Amino acid sequence: MMETVHVDLADRSYDIHIGQGLLGRAGEFLAPMLSRPRVAILTDENVAALHLETLQTALAKDGIESVALTLPAGESTKAWPQFTRAVEWLLDQKVERNDIVVALGGGVIGDLAGFAAAVLRRGVRFVQIPTSLLAQVDSSVGGKTGINAPHGKNLIGAFHQPSLVLCDVDVLGTLTPRDFLAGCGEVVKYGMLGDASFFEWLEENGSAMADGDIGARIHAVKRSCEMKADIVARDETEQGDRALLNLGHTFCHALEAATGYSDRLLHGEGVAIGCALAFETSMRLGLCSQEDPSRVRALLKSMGMKTDLADIDGDLPDADALLDLMGQDKKVVDGKLRFIMARSIGDAFVTSDVDRSVVHAVLSDGLVQR
Ligand code: GLY
């Protein structure tokens with residue numbers, strides 16, 4: 001079974017294929033796109049050990065020669081030194097303007113490889129083969145590419161859409177339960193921001209999906225990609241609606257900064273906690289019903305996800321310090337922090353009009369429960 005989601009962006013349109021065994025069929029999908037039978041793959045050490053041979057064998061089966069550069073795993077790879085190494089390696093490999101770069105990995109590799117493709121010879125095509133749930137439902141789709149600066153995450157980059165995304169749900173079976181559940185934070189986010197019936201579906205099927213049900217995983221990845229594709233088609237460069245995808249992220253970025261971007265808090269875990277805090281704030285502002293934040297927290301908990309500030313191990317700074325960290329978020333416009341708030345589950349909106357004292361109270365109450 002294979003599902004396809006089309007991202008409709010005029011001459012930058014592309015397909016996202018979602019299904020089982022797609023890694024082993026990669027040659028079949030790539031061959032018609034190539035002007036010569038050769039690709040350059042960027043990956044990381046962890047992913048290479050698990051999946052690189054399968055990919056290269058699949059490409060060879062369709063007569064495609066491949067070369068691969070394996071970078072260190074981890075967020076610190078997403079910075080100038082490994083980026084420079086990757087771009088210069090692509091030039092060493094004589095990757096030409098009409099060739100394709102393949103990103104095989106999670107969000108770090110996808111973002112770095114996409115940015116490398118964006119600047120190499122002023123832009124070459126690239127194909128995303130995302131291997132984490134988070135990358136399959138979020139970072140591989142929509143063309144945000146880039147690396148981190150000492151000043152903050154994702155501050156250097158470009159919009160550069162992939163030419164194809166292959167989401168093989170079988171590779172999700174190689175993730176640790178913690179990494180898989182972190183990716184679920186982004187999946188649940190789509191229901192909360194724009195599709196109440198998907199949220200209800202997750203209330204019914206979220207646990208089965210987390211436990212490994214393949215049909216449920218395909219549906220969850222497909223529905224997430226559909227929602228992202230729809231938003232990106234409306235607002236490719238985040239002038240408006242695309243900011244909805246940042247539901248929970250203003251809280252999340254402050255929590256990630258407070259925990260030193262370490263494995264105390266994975267990004268998707270911060271998104272889940274951030275979404276719960278966003279709904280709590282929306283409720284206290286009188287925007288949504290009292291029931292909504294409880295439903296959000298109940299779903300996250302039923303899937304085994306982190307839900308509250310109390311679920312973060314170790315010390316956290318106080319509410320004032322967390323609010324200051326939120327102020328450094330790159331979504332600050334004209335000095336005003338933009339929040340994604342909700343009128344109900346499935347109906348989020350962007351606003352700069354959020355009373356700081358309400359956010360302070362939500363954070364203080366959450367910290368007291370720790
Ligand atoms: N991850 C948010 C976006 O792609 O806009």
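Numbers here simply count residues along the sequence, with the first being 1. All ligand and atom numbering here is 1-based and tracks the order in the structure. Remember, predicted model here, so these are calculated numbers, not experimental data. What's counted below: heavy atoms across the whole structure, side chains too, no hydrogens, waters or symmetry copies.
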pair Leu193-Ile340: side-chain heavy atoms closer than 4.5 Å: no

Donor-acceptor contact below 3.5 Å, side chain Asp235 vs main chain Asp241: yes

Geometric cation-pi criterion, Arg223 with Tyr190: 6.0 Å, 45°: no

Residues which pass side chain to side chain contact (heavy atoms under 4.5 Å, CB included) with Arg85, listed by chain and number, not counting sequence neighbours: Leu69, Leu71, Pro72, Gln82

Linked, directly or transitively: Val108 and Phe180 (ILVMFWY side chains, under 4.5 Å): no

Ion pair check, Asp315 and Arg264, cut-off under 4.0 Å: no

Amino acids in close contact with ligand 1, where any non-hydrogen atom sits under 4.0 angstrom away: Asp138, Lys144, Lys228, Glu238, Arg242, Leu245

